[in-house]
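In this text the structure is predicted, and so the values were computed from the model without any measurement. FYI, side chains are in, hydrogens and waters are out, and symmetry mates aren't considered; it's all heavy atoms of this structure.
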Amino acid sequence: MTLIHESHSDTAAPLRETAIQAHGIEMAYQVGDHAFKALKGIDLEIQTGDIELLMGPSGSGKTTLLSILGGILTPTAGEITLLGQKITGLSRRRLAKFRLQNIGFIFQGFNLFPALTAAENIEATLNLKGIRGRAAKKTALKLLKQVDLADKRHNLPRDLSGGQKQRVAIARALAGNPRLILADEPTAALDSQIGHTIMELLRRLAQEEGCTVLMVTHDPRIQDIADRVVYVEDGLIIPQQPANFSAPKPEVQYP
Ligand code: ADP
Ligand code: MG
């Protein structure tokens with residue numbers, strides 16, 4: 001008989017996998033003939049199943065950090081390991097595959113396909129993940145129900161409001177049960193009722209499915225459901241909420 005796991009003491013807390021490990025992350029944007037350092041050395045660890053928030057003033061580097069953690073942007077320095085897989089140095093193809101299989105992005109830049117209906121937008125993502133046909137249709141409808149949009153499933157994006165498009169994008173990000181959700185101000189365009197529904201949904205995913213959620217938000221109400229708030233200021237993580245912290249208005253505008 002082979003012993004696969006060495007057992008720790010009976011009283012030891014169950015080991016939780018680290019969902020996100022980032023070390024020494026720096027990001028310099030080239031602006032004209034000089035480099036602008038948007039991130040100046042970020043270390044961050046996030047445990048599986050946590051909901052964590054990134055907060056900080058406009059321009060502090062939150063979107064840059066989230067994009068780097070999700071493998072959309074390559075940092076100028078530092079290393080990232082997601083779900084036990086080191087993504088730094090992966091080829092573009094393997095990185096794209098890893099993202100598709102593991103990460104749900106709720107980003108302003110991830111636009112819906114204009115020629116596809118709400119349901120088809122989600123089905124297209126499911127198809128990419130190997131879920132096809134009737135199974136994809138059924139799952140897409142279930143996801144649209146979760147964001148309270150089942151009745152708009154046949155609408156094209158141009159026939160949806162900004163908030164409704166955002167909800168389709170959220171449903172699409174959840175398609176195929178990603179283990180990691182990265183969201184940049186996901187509730188900015190939503191009224192408080194539906195914003196609350198979305199937050200409950202994310203919390204349930206984290207608690208029941210062990211999904212890890214990292215979210216940029218300015219909404220102080222969301223702090224109640226978070227396991228931790230990480231504050232970013234001037235390209236660095238600061239240890240706690242500064243005394244003069246006041247949440248700025250959402251900077252993201254959804255068309
Ligand atoms: P936040 O999301 O906290 O508002 P960002 O990550 O968007 O901050 O931006 C951090 C800093 O980097 C800002 O000063 C911003 O102007 C700059 N920046 C962001 N993206 C670029 C880019 N593509 N080129 C040059 N500078 C950028
Ligand atoms: Mg931003």
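Counting only heavy atoms from C-beta outward, the side chains of Leu100 and Leu128 approach each other to under 4.5 Å. Between Ile181 and Thr212, the closest side-chain pair of non-hydrogen atoms is not below 4.5 Å. Between Val230 and Met55 there is no side-chain heavy-atom pair separated by less than 4.5 Å. Residues Met215 and Leu202 form a side-chain contact, since some pair of their non-hydrogen atoms from C-beta on lies under 4.5 Å apart. The shortest distance between side-chain heavy atoms of Thr48 and Thr18 does not fall below 4.5 Å. Taking 4.5 Å as the limit, every side-chain heavy atom of Thr217 sits out of range of all side-chain heavy atoms of Glu185. Using a 4.5 Å cut-off on side-chain heavy atoms (C-beta onward), Pro178 and Asn102 make no contact. Between Leu82 and Gln21, every side-chain heavy-atom pair lies at or beyond the 4.5 Å cut-off.
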task = Using the side-chain contact (heavy atoms from CB on, under 4.5 Å) rule, take Ile122 and Leu144 through it: C-alpha gap first, then chi angles, then the decisive distance, then the call.
result = CA-CA 9 Å; Ile122 297 169; Leu144 283 171; 3.6 Å; yes
task = With side-chain contact (heavy atoms from CB on, under 4.5 Å) as the test, would you mind laying out the steps for Asn111 and Lys165 before giving the verdict?
result = CA-CA 9 Å; Asn111 294 318; Lys165 276 188 280 207; over 6 Å; no
query = Does the pair Ile103 and Arg179 meet the rule for a side-chain contact (heavy atoms from CB on, under 4.5 Å), with working shown?
reply = CA-CA 6 Å; Ile103 310 178; Arg179 296 186 54 205; over 6 Å; no
query = Would Thr197 and Val147 satisfy side-chain contact (heavy atoms from CB on, under 4.5 Å), going step by step from the backbone distance to the final call?
reply = CA-CA 7 Å; Thr197 306; Val147 296; over 6 Å; no
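In this structure, Ala119 and Ala140 approach most closely via the heavy-atom pair O-CB, 3.9 Å. Of all the heavy atoms in Leu182 and Gly70, the pair that sits closest is CD1-CA, 3.4 Å. Closest heavy-atom contact between Ile106 and Ala173: CG1-CB, 3.5 Å. Val216 and Pro186 get closest at one heavy-atom pair: O-CD, 3.6 Å. Between Asp191 and Ile194, the shortest heavy-atom contact is OD1-N, 3.0 Å. Closest approach of Thr76 and Met27 over heavy atoms only: OG1-CA, 3.2 Å.
Proximity of a side-chain donor or acceptor of Arg167 to a complementary backbone N or O of Asp148 within less than 3.5 Å is detected. With hydrogens and angles ignored, the 3.5 Å screen pairs no side-chain donor or acceptor of Arg172 with any backbone N or O of Thr125. Using modelled atom types, no side-chain atom of Gln166 and backbone atom of Gly163 make a donor-acceptor pair closer than 3.5 Å. Side-chain atoms of Asn121 come within 3.5 Å of backbone N or O of Leu116 as a donor-acceptor pair. Distance alone, capped at 3.5 Å, is enough to place a donor-acceptor pair between the Lys62 side chain and the Gly56 backbone. Without hydrogens or angle criteria, Asp184 side chain to Phe107 main chain gives no donor-acceptor distance under 3.5 Å. Between the side chain of Asp159 and the backbone N or O of Asn155 there is no donor-acceptor pair closer than 3.5 Å. Within the 3.5 Å criterion, the main-chain N or O of Ser161 finds a donor-acceptor partner in the side chain of Gln164.
Listed by first and then second residue, the side chain to side chain donor-acceptor pair (under 3.5 Å) pairs involving residues 26-44 are Glu26-Lys37, Tyr29-Thr64, Lys40-Asp234 (not counting sequence neighbours).
Cluster annotation: Ile46 is not connected to Leu236 through the hydrophobic network of ILVMFWY side chains, with a link wherever side-chain heavy atoms come within less than 4.5 Å. Following chains of ILVMFWY side-chain contacts shorter than 4.5 Å, one can reach Leu90 starting from Phe105, so the two form part of one hydrophobic cluster. Hydrophobic clustering of Ile, Leu, Val, Met, Phe, Trp and Tyr side chains at less than 4.5 Å, counting indirect connections, keeps Leu156 apart from Leu143. Both Ile72 and Leu69 belong to a common hydrophobic cluster when Ile, Leu, Val, Met, Phe, Trp and Tyr are linked at side-chain heavy-atom distances under 4.5 angstrom.
Here the CG-CD distance, from Leu141 to Gln146, works out to 10.5 Å after rounding to the nearest 0.5 Å. If you take CD on Glu208 and CZ on Arg203, they are separated by 10.5 Å, rounding to the nearest 0.5 Å. One finds the CG atom of Leu54 at 4.5 Å from the CG atom of Leu214 (value rounded to the nearest 0.5 Å). Taking CD of Glu45 as the start and CD of Glu52 as the end, the distance is 10.5 Å to the nearest 0.5 Å. Put simply, CD1 on Ile68 and CD1 on Ile42 are 8.5 Å apart, with the number rounded to the nearest 0.5 Å. Rounding to the nearest 0.5 Å gives a distance of 4.5 Å between NE2 of His196 and CD of Glu200.
Atom NZ of Lys129 has more than 12 heavy atoms from other residues, nucleotides or ligands within 6.0 Å. More than 12 heavy atoms of other shown residues, nucleotides or ligands fall within 6.0 angstrom of atom NE2 in His23. Counting non-hydrogen atoms of other residues, nucleotides and ligands closer than 6.0 Å to CZ of Arg94 gives a total of 12 or fewer.
Residues satisfying the side-chain hydrogen bond (donor to acceptor under 3.5 Å, both in side chains) criterion with Arg153, sequence neighbours excluded, are absent altogether.
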